[in-house]
J.: 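First the structure, then my questions, so here it is.
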2 protein chains.
Amino acid sequence: MRILLVEDEVEMAAALSSALRRYDMVVDHAPTLADAEEAISAEVHAAVLLDRQLPDGDGLKLIAKLRARAGGVPIIVLTARGELADRVAGLDSGADDYLAKPFALEELLARLRAVLRRPAGLSPDIIRAGRIAFDLGHREASIDGQPFELPRRELLVLEALIRRMGRTVLRSALEEAVYNFDDEIQSNALDTHVSRLRRKLAEADAGVEIHGIRGVGYLLKKLS
Amino acid sequence: MRILLVEDEVEMAAALSSALRRYDMVVDHAPTLADAEEAISAEVHAAVLLDRQLPDGDGLKLIAKLRARAGGVPIIVLTARGELADRVAGLDSGADDYLAKPFALEELLARLRAVLRRPAGLSPDIIRAGRIAFDLGHREASIDGQPFELPRRELLVLEALIRRMGRTVLRSALEEAVYNFDDEIQSNALDTHVSRLRRKLAEADAGVEIHGIRGVGYLLKKLS
DNA sequence: GTTCCCGCAATGCTGCCGCAATGATGGGGC
DNA sequence: GCCCCATCATTGCGGCAGCATTGCGGGAAC
């Protein structure tokens with residue numbers, strides 16, 4: 001289990017390194033953003049511990065590169081800035097967890113365990129299909145950077161379909177994605193949403209189409 | 001996006017529900033462990049928000065069941081107990097994140113976003129045969145990653161056969177797999193489905209063939 | 001007040017599915 | 001071997017369930 005530790009303070013780095021090694025992890029230590037970039041191109045890591053305050057910039061800048069190069073590496077951001085706004089920014093920038101200094105070593109280890117438990121190969125935050133980009137984090141669709149606004153239910157349909165792009169989505173699964181337990185439905189309301197979404201996708205020339213499979217469900221397909 | 005909220009305090013539950021709904025999530029609310037168990041057996045949720053202090057026990061007890069029944073559901077534990085030991089216990093028991101009350105709604109939403117960014121439920125139940133992959137969870141077949149679309153009945157035949165790959169499936173067993181009790185059939189309808197499925201398997205060059213065994217049933221065979 | 005989402009119902013249509021007819025195949029009896 | 005019959009395979013066809021689409025009205029949000 002190889003971990004990348006991006007941290008400039010020598011004492012902190014030494015303490016973390018030895019602690020992680022005690023748990024049978026291999027630690028690569030990078031004191032700067034530049035070192036970190038070199039490290040991620042040379043090795044594949046099981047997780048990244050990332051300090052925000054580094055001599056050559058904010059650690060968050062590294063996240064995009066990590067996502068691009070090694071898609072699903074779990075990232076835990078370490079920082080002295082414990083304010084709520086910062087914590088939200090950390091998570092929203094794509095990190096998997098966020099820990100404010102000072103923290104107990106034990107807690108870091110627990111969070112690391114939690115993050116490593118997750119299945120390997122995370123999907124990206126933004127799914128692209130045809131000319132559509134769907135931002136799962138902020139739940140919004142766009143076409144060529146222009147926001148593609150949809151009513152709530154149609155957005156839910158699109159999200160469910162795009163998450164399983166090119167694969168069938170059972171009709172029942174779609175219903176569950178769109179409707180609540182206590183939402184009672186006695187009509188073909190779902191069909192109408194699919195239909196209206198179809199029309200909008202076509203009008204916007206989105207480059208995808210919704211394909212219905214009789215008796216089974218739907219699937220989202222790239223247009224050839 | 002369907003969320004299960006396990007929380008007994010009515011005010012807290014109401015606040016969370018409305019907040020989540022404002023972000024276009026579909027919320028099932030369970031005030032007790034018993035309700036929660038019922039909910040997870042009835043539905044598949046994209047994530048679970050779990051309070052620890054419930055009228056009928058510690059919320060952590062639910063985690064094992066969630067893992068057993070719906071493998072990869074992200075779980076966020078909510079609790080008033082903010083002590084370190086508790087937080088570590090929460091994460092180590094299999095939760096994906098842990099949030100101590102009181103927490104800012106914004107932070108919960110950010111953590112939920114982080115956790116939902118992960119791939120939607122990897123279904124481990126995929127059977128491969130020849131060039132075909134059959135996803136039991138999603139009831140879909142694919143060839144070389146391309147969806148292999150089939151009408152419902154033919155899909156059911158394929159599923160029954162592929163589940164017993166290389167072994168004979170009694171004609172009666174096939175009938176049960178494809179038809180309900182109250183479906184009355186008086187013809188060779190099953191044969192027609194087998195036949196049509198055969199043709200499609202051959203056309204798609206699926207690498208398997210359906211072998212008929214006179215007086216007994218059928219079996220699915222790899223092509224040499 | 002105005003806008004627009006959403007559920008409902010009516011309509012037309014597509015293609016699945018059951019049926020039956022015909023052809024093919026295999027196994028047993030002699 | 002040869003024939004015969006039971007069983008299976010295949011194909012065309014028609015009915016109808018399920019899907020697609022559209023207009024409408026209630027109601028929520030602003």
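All chains are named by letter (A, B, ...) in the order of the sequence lines, taking the proteins before the strands, and each is independently numbered beginning at 1. Computed from heavy atoms alone, side chains included, the values below leave out hydrogens, waters and symmetry copies.
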J.: For B/L60, does its backbone N or O pair with a side-chain atom of B/D58 as donor and acceptor, under 3.5 Å?
T.: yes
J.: Using atom types as modelled and distance alone, determine if a side-chain donor or acceptor of A/R167 lies under 3.5 Å from a backbone N or O of B/G145.
T.: no
J.: With a 4.5 Å limit on heavy-atom distance, are the side chains of B/D51 and B/V6 in contact?
T.: no
J.: What about A/N188, does its side chain sit under 3.5 Å from the base of D/dT21 through a donor-acceptor pair?
T.: yes
J.: Between B/Y218 and D/dA9, is there a side-chain N or O to OP1/OP2 distance below 4.0 Å?
T.: yes
J.: Rounding to 10 degrees, work out the angle separating the end axes of the helix from C/dG1-D/dC30 to C/dC30-D/dG1 (five pairs an end).
T.: 50°
J.: Quick one, which residues of residues 149-167 of chain B touch DNA chain C with a heavy atom under 4.0 Å?
T.: B/P151, B/R152, B/R153
J.: Using modelled atom types only, decide if a donor and an acceptor are shared between the side chain of B/N188 and the backbone of B/D191 within a distance under 3.5 Å.
T.: no
J.: Report yes or no: does B/D56 contribute a side-chain atom to a donor-acceptor pair with the main-chain N or O of B/L33 at less than 3.5 Å?
T.: yes
J.: Should B/Y179 be listed as having a side-chain N or O under 4.0 Å from OP1 or OP2 of C/dC17?
T.: no
J.: Report yes or no: does B/R196 contribute a side-chain atom to a donor-acceptor pair with the main-chain N or O of B/K200 at less than 3.5 Å?
T.: no
J.: In residues 191-199 of chain B, which ones come under 4.0 Å of DNA chain C, going by heavy atoms?
T.: B/T192, B/H193, B/R196
J.: What is the separation between atom CG on A/L190 and atom C1' on C/dG7, rounded to the nearest whole Å?
T.: 12 Å
J.: Calculate the interatomic distance between B/K200 atom NZ and D/dT11 atom P; express it in whole Å.
T.: 13 Å
J.: Are the side chain of B/E7 and the backbone N or O of B/E9 linked by a donor-acceptor pair below 3.5 Å?
T.: yes
J.: With a 4.5 Å heavy-atom cut-off, do B/L20 and B/L112 have their side chains touching?
T.: yes
J.: Got a donor-acceptor contact below 3.5 angstrom from the B/R198 side chain to the B/I210 backbone?
T.: yes
